[in-house]
J.: 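Structure below; questions to follow.
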Amino acid sequence: MTFNPFAFKVPGEVIFGANSISKLPEILASRGLSKVLLVSDRGLEAAGMVKKITDILDANSIKYSLFLDVEANPSCDTVDNGTTIYNSEGLDGIVCLGGGSPMDTAKAIAILATNGGKIQDYEGANKFQGPTVPIIAIPTTAGTGSEVTPFAVITDKKINYKLTVFSYEIVPEVALLDPEMIATLPALVAASTGIDALTHAVEAYLSRAASPFSDGMAEQAMELIGRNIRLFVANRGDADAASGMLLGSMFAGIAFSWARLGDCHAMAHPLGGFFGVPHGIANAVLLPTVLEFNALADKGKYEKIYNYIKRGKNDNAFIPEMLTRDLKALLEQLGIPKTLSEVGVKQELIHEMAVDAMKSGNIMINPRQTTLGDIEALYQKAL
Ligand SMILES: [Zn+2]
């Protein structure tokens with residue numbers, strides 16, 4: 001076994017527990033935040049989730065402004081609109097309620113509020129001066145892990161391009177994990193976001209940038225997700241399964257904050273940019289194809305992943321194909337579409353998508369070296 005040089009810290013605080021959202025007032029007070037922007041989306045408003053938070057804020061006389069116009073695959077314009085509200089109302093912090101889209105938007109607003117300019121100016125790693133606006137993040141999926149990650153992904157709709165901003169300055173100050181906040185997810189959202197979280201753990205685990213720390217986080221994530229994803233999709237009201245998934249996605253988020261990801265995420269972003277495929281679905285459909293491609297580079301971790309997701313015992317000697325076979329069976333059980341065609345992806349844009357995928361830093365740390373031609377072939381195979 002070889003070891004990469006590494007540094008590791010977890011910049012934000014994690015608070016977990018049933019009804020932990022009730023701690024929001026004391027969390028805000030402890031950080032001197034008295035007038036916040038609540039960033040969320042219209043779906044969560046309609047589901048009554050936004051009201052759960054505003055009721056707590058109202059009951060404690062905490063002032064807030066609302067920004068709920070966040071769409072799936074949020075755009076640069078959305079970030080600008082949220083920043084305008086933040087700046088015009090003299091606010092001092094952000095409470096973010098959501099899956100990945102409100103989280104990404106909140107992080108981007110936090111950057112622009114203190115640095116000005118456009119989010120496109122900050123694409124890449126550490127392209128702005130910190131600190132940014134403090135964010136309290138309350139995840140409603142399990143999930144992106146965005147509540148503990150230093151990434152914001154925003155779509156430039158003019159060029160159908162998903163740009164990634166990376167900085168530890170945008171890791172939320174507090175991740176408030178309340179399993180009751182994911183209890184009413186639709187089954188397909190629970191399934192696709194859960195597989196996204198599993199993909200974070202798997203790609204971080206196989207990454208050429210993995211370290212013993214990130215491996216520990218990824219293994220914990222895979223154990224929790226492997227044990228709970230079927231139960232959670234079957235019954236989102238299962239408090240233990242919801243807790244396991246929420247914690248698993250958080251651990252996966254910490255793992256990939258440091259070890260990064262791989263070809264699956266590099267290829268998922270253009271599917272969102274060009275065809276609006278939700279991030280979780282894009283990764284879930286691609287993962288078996290990418291794992292088949294990467295099997296050639298396996299140094300023994302495939303068997304560990306397999307042991308986390310398999311059902312029952314298997315007495316046969318392990319070969320990497322067993323992982324992709326069982327993963328496909330799991331995806332089918334969870335109701336994930338089998339092909340990219342089923343989610344509206346068209347063959348004509350494979351080359352453009354592959355060119356964009358190759359711009360991702362995740363290609364460089366994928367376990368198997370990957371060319372533009374490889375990516376085109378993988379899209380074709382997944383189609
Ligand atoms: Zn993801």
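For ligands, and for the atoms within them, numbers begin at 1 and follow the listed sequence. By convention here, the first residue in the shown sequence is residue 1.
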J.: How are the rings of F256 and H200 set relative to one another: parallel (under 30°), tilted (30 to 60°) or perpendicular (over 60°)?
T.: tilted
J.: Within less than 2.8 Å of the Zn ion (ligand 1), how many protein N/O/S atoms are there?
T.: 4
J.: What residues form a side-chain hydrogen bond (donor to acceptor under 3.5 Å, both in side chains) with D238, not counting sequence neighbours?
T.: none
J.: So, applying side-chain contact (heavy atoms from CB on, under 4.5 Å) with H269, which one of L163, N73, T164 is it?
T.: T164
J.: Taking side chain as C-beta onward, heavy atoms only, is V345 less than 4.5 Å from L271?
T.: yes
J.: Quick one, T184 and M49 - any side-chain contact, counting heavy atoms below 4.5 Å?
T.: yes
J.: What residue among V133, D92, L91 forms side-chain contact (heavy atoms from CB on, under 4.5 Å) with V36?
T.: D92
